[in-house]
Amino acid sequence: MSAGPTIPRPLPEHEGDLAPFLAAAREHRLVVQRCDGCGMLRFPPRELCSGCLSTAASWREVSGRGEIFSFNVMHQVYHPAFAREVPYAVVVIKLAEGPKITSNLVNYPVDRIRIGMPVEVVFEDVSADVTLPKFRGRA
Amino acid sequence: MPSKGEIAIAGLGQTRQGKVYGRSHMGLAVEAVELALADAGLARADLDGLLLNPGIAWGNAAMGSFMLQQALGLRDLKLQSTMNLGGATAGAMIQHAALAIAAGLCTTVACVFSDRPLKAPQEQHARAGKREGSAASYAFARGLDAVYGQFGINAMYALVARRHMHVYGTTQDHLGAVAVAQRRWANRNPAAQLHAVPLTLADYHASRWIVEPFHILDCCLVSNGGVAVIVTSAERARSLRKPPVYVWGMGQGHPGGDPSETLVSGAPLARTTAFAMAGIDARDVRIAELYDCYTFTVLVTLEDYGFCAKGEAGDFVAAGHTAPGGSLPVNTGGGQLSSAYMWGMTPLAEGIVQARGEAGDRQVPRHDVVLVSGNGGLLSTHTTLVLSPLPS
Ligand SMILES: [Zn+2]
């Protein structure tokens, strides 16, 4: 593989425990896992709940609103698909419902990102069958 | 639990560390054991225990200690294990060895680490064109992280460091102060990779970013090399070649949960056990060898041992307390940031050298109580050792 414009960014696999999340994203809905045992919300998905150890879980839609919990700004290129994007920010959003989700901000200068900034989800169709939740600032 | 001073470190072996090629991870491990045995005045046949912390180059070496036993030609071991708590493993190996010796399972244990993550220039050439990133970055990519461009442990620690800056007002200057203080120690350590390279705060700010808030000078020096430490009873150690370094206290702490929420390492837990065994508190510590995968890790660890209040480590370091001549010398060989990254063996080895009084130009005059910390994962695992040249 050589560095060039055709290298795609890595995409999530449709199989596995992220499948319901990705299916919902295609419908422009943001969902997280909810433990059927104790009701705790969690993300990313896991086989069992670390609170009550129940393996029963379902998916629940959340508001998509939250605030920046932390962020970094990537300068080092760890994957060639990102060579033209550095420096870019990876943000951790604390959703209003509690769970945290890793994502990117759309159209936002990295030097203006602040912890505590209110954000809301937007959906980016990145290929014919993959839609990714990203976030933008909100008032 | 062994009592204070019942167990001692009798030998230390360190290969050259850094851009060292020409030997495999196994060869480096064997060389480190040979050096440690020579240091202690022991022969291979005197070993009846072998513990291994395999670095990245060992791959998925669940049976690494057995492979090392075969390579060393060791017979009739009474204790053996391959251990991995990340950067806390060095301290954990000493603790397992001490417990086994005190319990009568065995008498003389070699605790070994080696790694060879750096490739020689000709090896890199063979791999050019296959830019799939480092193995470490992919090992830590979970779920959707890679999709959003989040790769590697640097990026994960950066998120925790950013929280510390937000909650406690820690600044980029504070991170830089750690790098500068440790470089001043490295400038006194001829074995340090950056021995001859001075560093100012301005140099630090001018160095390239890896992942904000980390410059390259906030990150440890990925290195090839091996380190081995021989543990035995204090009684036996007194008859050997080198003066014993006594284990006064030891403990572990593995907090669980999300460190970006708590901003606390396992040190408060590990410290409590270790300081109680040693009969000391933080004010008694003369030298602190603290695990320093990042500058940020040093700040959290200083706070969590109680050398300053939570959130005040940045000012503590910036005031010069940890630098040569300061009230609490920290990472006196230059540490992982300026000497070499041998996981938890870097602080442990320097702690042994200082406790023995063998540190030359960088020797701290008062070295009767030496603290050694280990930290693994994302502030996930922690070990504490309290070492002393005095039996009690
Ligand atoms: Zn539950």
Side-chain angles (χ1 to χ4, degrees), chain A residues 1-4 7-13 16-18 21-22 25 43-46 50 68-83 85-94 99-105 110-111 113-117 124 126 130-135, chain B residues 127-170 172 207-219 222 256-263 294 296 378:
Chain A
M1 200 186 283
S2 63
I7 296 167
R9 285 173 68 148
L11 290 175
E13 295 185 8
D17 56 5
L18 277 170
F21 174 84
L22 295 168
F43 195 83
R46 288 191 297 271
S50 58
I68 304 269
F69 178 77
S70 194
F71 67 97
N72 62 38
V73 180
M74 303 287 293
H75 290 255
Q76 181 94 346
V77 177
Y78 290 90
H79 186 291
F82 292 90
E85 300 196 26
V86 291
Y88 60 91
V90 176
V91 297
V92 176
I93 310 294
K94 190 165 180 67
K100 293 198 279 284
I101 181 170
T102 299
S103 190
N104 303 128
L105 291 183
V110 296
D111 56 356
I113 301 173
R114 298 287 180 267
I115 287 177
M117 254 178 66
E124 189 173 293
V126 296
V130 175
T131 297
L132 290 178
K134 295 193 177 179
F135 287 80
Chain B
R127 286 169 54 86
K130 287 172 63 183
R131 294 188 53 206
E132 71 273 27
S134 73
S137 70
Y138 283 86
F140 282 100
R142 307 160 301 163
L144 289 164
D145 284 1
V147 172
Y148 293 111
Q150 166 86 335
F151 296 100
I153 190 73
N154 296 342
M156 294 170 70
Y157 264 92
L159 293 170
V160 184
R162 180 75 74 187
R163 284 295 302 177
H164 197 275
M165 296 167 92
H166 174 73
V167 172
Y168 294 117
T170 300
Q172 202 76 52
S207 71
R208 72 179 170 94
W209 291 112
I210 298 297
V211 45
E212 294 177 51
F214 293 155
H215 289 277
I216 190 165
L217 297 177
D218 289 294
C219 306
V222 175
D258 181 351
S260 70
E261 296 272 5
T262 61
L263 303 174
Y294 302 95
F296 165 67
L378 193 62

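Here is the naming used below: chain letters follow the sequence lines, and residue numbers restart at 1 for every chain. Heavy-atom basis, side chains included; hydrogens, waters and symmetry copies ignored. In this text the structure is predicted, and so the values were computed from the model without any measurement.
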With side chains defined as the heavy atoms from C-beta onward, is the minimum distance between A/F71 and B/E212 less than 4.5 Å?
no
Pair B/Q150, A/N72 - check side-chain contact (heavy atoms from CB on, under 4.5 Å), show working.
CA-CA 9 Å; B/Q150 166 86 335; A/N72 62 38; 3.1 Å; yes
Checking A/R114 now: which residues fulfil side chain to side chain donor-acceptor pair (under 3.5 Å) with it, not counting sequence neighbours?
none
Is it the side chain or the backbone of A/I115 that comes within 4.5 Å of chain B heavy atoms, both, or neither?
both
If I take atom OG from residue A/S70 and atom CE from residue B/M165, how far apart are they, to the nearest 0.5 angstrom?
10.0 Å
Which bit of A/I101 comes within less than 4.5 Å of chain B, counting heavy atoms only: side chain, backbone, both or neither?
neither
On the 0 to 90° scale, with breaks at 30° and 60°, tag the A/H79-B/F151 ring pair as parallel, tilted or perpendicular.
parallel
Examine whether an atom of A/F69 lies under 4.5 Å from a heavy atom of chain B, and if so say whether it belongs to the side chain, the backbone or both; otherwise answer neither.
both
Are any of the side-chain heavy atoms of A/T102 and B/L144 separated by less than 4.5 Å?
no
When only pairs under 4.5 Å are counted, which of B/G256, B/P213, B/A161, B/A155 shares the most heavy-atom pairs with chain A?
B/A155
Heavy-atom pair count under 4.5 Å with chain A, highest-scoring of B/V160, B/D258, B/I216, B/I210:
B/I210
How close do B/A146 and A/P10 get, counting heavy atoms only, and between which atoms?
O-CG, 3.4 Å
Any donor and acceptor pair, going by atom type alone, linking the side chain of A/N104 with main-chain N or O of B/Y148 inside 3.5 Å?
yes
Any heavy-atom pair between the side chains of A/P87 and B/W209 that's under 4.5 Å?
no
Atom CD1 of A/I113 and atom CZ of B/R162: how far apart are they, to the nearest 0.5 Å?
8.5 Å
